[in-house]
Amino acid sequence: MNRNIAVDGPAGAGKSTVAKRVARQLGLVYVDTGAMYRAMGIFFLERGLSPEDEAGITAACRDAEVTIAYQDGVQQVYLNGENVTGRLREEAVGNMASRSSVYPAVRAKMTQLQQSLAQRTPVIMDGRDIGTVVLPQAALKIYLTASVEERARRRFRELEEKGEACVLSQIQQDIRERDYRDMHRETAPLRQAEDAVQVDATDMDIEQVTERIVSLYRERVPQVAQREQEGK
Ligand code: DC
């Protein structure tokens with residue numbers, strides 16, 4: 001049966017942190033789809049393309065091959081054979097990913113890759129359109145959100161820990177703009193699927209969110225709970 005989990009929500013809600021933990025607890029493979037859009041972003045930046053150049057980006061899609069592999073259970077992203085995992089979190093890459101992901105050619109390519117991954121193995125996949133477009137038959141759909149202020153504070157702390165200079169009000173502004181773009185694009189905008197469960201993580205910690213998703217999954221997919229109890 002279908003054991004997949006789809007997790008959607010705005011940037012900085014904690015989707016990837018939580019999804020990795022849920023994956024470990026439930027024996028699912030974690031797939032970070034934002035990383036795939038980011039790899040495409042690196043390719044467009046390397047080609048010197050402007051994010052406004054839809055025709056150029058659409059044509060360039062033909063020359064970009066994004067593939068995924070796992071090393072010690074951690075997702076590695078390859079762009080035309082080169083491992084680009086270490087560059088995915090750069091701000092310029094995130095911005096290009098957000099801007100270029102509005103184009104249907106980019107989305108079609110990434111959706112196909114994501115669907116073929118989910119056909120091979122049960123996954124927990126996070127992104128913006130997983131419950132609505134990529135895995136509409138997922139066994140459980142989560143819409144994970146948190147207030148803009150809280151998401152900006154978390155990002156601020158993350159950057160501070162890395163020793164990167166940052167301004168909280170600027171981060172808030174970037175998050176607002178990214179939310180707007182992700183929610184208002186024509187193709188596959190971020191929205192909560194009708195059958196998704198909304199989890200607002202503003203006042204919840206990572207453990208609480210993880211537990212909530214794991215218990216929802218065990219209710220929905222009782223065979224999994226049964227097998228775990230039997231120690232299989
Ligand atoms: O989740 P993230 O911040 O790594 O994603 C980077 C950008 O990629 C995000 O701003 C929008 C885009 N994206 C998307 O359009 N659809 C997805 N399923 C995942 C990410």
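No experiment lies behind these values; they were computed from the predicted model shown. In listed order, ligands and their atoms are each counted from 1.
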Considering only heavy atoms of [X], which atoms of ligand 1 have at least one such atom less than 4.0 Å away?
X    : result
G127 : 17 (C), 18 (N), 19 (C)
S101 : 11 (C), 12 (C), 15 (O)
R89  : 4 (O)

Does K15 use its side chain to pair, donor to acceptor, with the backbone of G9 at less than 3.5 Å?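 Yes, because the side chain of K15 sits within donor-acceptor range (under 3.5 Å) of the backbone of G9.
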
Option nearest atom 15 (O) of ligand 1 (shortest heavy-atom distance, choices M96, R107, R128):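 Residue with the shortest heavy-atom distance to the ligand atom: R107.
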
Compare R38, Q114, M110 and give the one whose heavy atom is closest to atom 3 (O) of ligand 1. R38

Between the side chains of [X] and [Y], does any donor sit under 3.5 Å from an acceptor?
X    : Y    : value
Q115 : Q119 : no
R107 : Y37  : yes
S98  : R181 : yes
Q170 : D174 : yes

Nearest neighbour in protein (non-hydrogen) for [atom]:
atom                    : value
atom 19 (C) of ligand 1 : T33 OG1, 3.4 Å
atom 10 (O) of ligand 1 : S98 CB, 3.2 Å
atom 11 (C) of ligand 1 : D182 OD1, 3.5 Å

Under 3.5 Å between some N or O of ligand 1 and some N or O of D32? no

Nitrogen or oxygen atoms of Y37 and ligand 1 under 3.5 Å apart: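 The answer is no, given that Y37 and ligand 1 share no N or O pair closer than 3.5 Å.
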
So L117 and R120, side chain to side chain contact (heavy atoms under 4.5 Å, CB included) or not? Walk me through it. CA-CA 5 Å; L117 281 169; R120 275 184 247 155; 4.1 Å; yes

Within reach of ligand 1, part of R185 (heavy-atom separation under 4.0 Å):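 Side chain only; the backbone of R185 stays clear of ligand 1.
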
With a sphere of 6.0 Å drawn around CD of E164, does it hold more than 12 non-hydrogen atoms of other residues, nucleotides or ligands? yes

Please assess R151 against V148 for the test side chain to side chain contact (heavy atoms under 4.5 Å, CB included), listing each intermediate value before the final yes or no. CA-CA 5 Å; R151 287 186 281 135; V148 171; 3.6 Å; yes

